[in-house]
*Asks:* 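Take a look at this one; I'll ask things after.
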Amino acid sequence: MSSDKKQTQLRLEPEVLAAGKDAAAGRDLDFNRYVERLIIEDTTGSRAAGMAAAQRLINDHGAFLADLEADLDMQHAAAGPRGAAA
């Protein structure tokens, strides 16, 4: 079975490698696929498009999101810590 994929070698600081492996696992990807996806997203502009969309969401709905977050914070504060004795 032949593959058109080429092998490369990366030299990373141990903590960078560990963070990358954790990030890959969090996305249910192996490390190689995770790196491949990062490169594709970076070189095709899809990451930039996603970041621009996120910024538009924040610009358009930031006040609503801040109010929602404040309401949730108040609800959690009123409920008290989990497992606290009554």
*Asks:* Just how far is it from atom CZ of R33 to atom CG of L38, taken to the nearest 0.5 Å?
*Replies:* 10.0 Å
*Asks:* Find out if a path of hydrophobic residues (ILVMFWY) with successive side-chain heavy-atom gaps under 4.5 Å connects L57 to F64.
*Replies:* no
*Asks:* Walk me through whether D71 and Q75 qualify under side chain to side chain donor-acceptor pair (under 3.5 Å).
*Replies:* CA-CA 6 Å; D71 288 345; Q75 290 175 20; over 6 Å; no
*Asks:* Please answer: with hydrophobic residues joined when any side-chain heavy atoms are less than 4.5 Å apart, are I39 and L12 in the same cluster?
*Replies:* yes
*Asks:* Within the supplied structure, the quantity of interest is the number of heavy atoms (other residues, nucleotides, ligands) at a distance under 6.0 Å from E69 CD; does it exceed 12?
*Replies:* no
*Asks:* Could you check whether E36 and N32, counting side-chain N and O atoms only, form a donor-acceptor pair closer than 3.5 Å?
*Replies:*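 No donor-acceptor contact under 3.5 Å links the two side chains.
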*Asks:* Should Y34 and I40 be counted in the same cluster of Ile, Leu, Val, Met, Phe, Trp and Tyr side chains packed under 4.5 Å apart?
*Replies:*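 No, no single cluster joins them.
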*Asks:* Look up atom CG in D60 and atom CD in Q55, then write down how far apart they are to the nearest 0.5 Å.
*Replies:* 10.0 Å
*Asks:* Test of understanding: clusters of I, L, V, M, F, W, Y form through side-chain heavy atoms closer than 4.5 Å, transitively. Do L17 and L10 belong to the same one?
*Replies:*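 In one cluster with L17: L10, yes.
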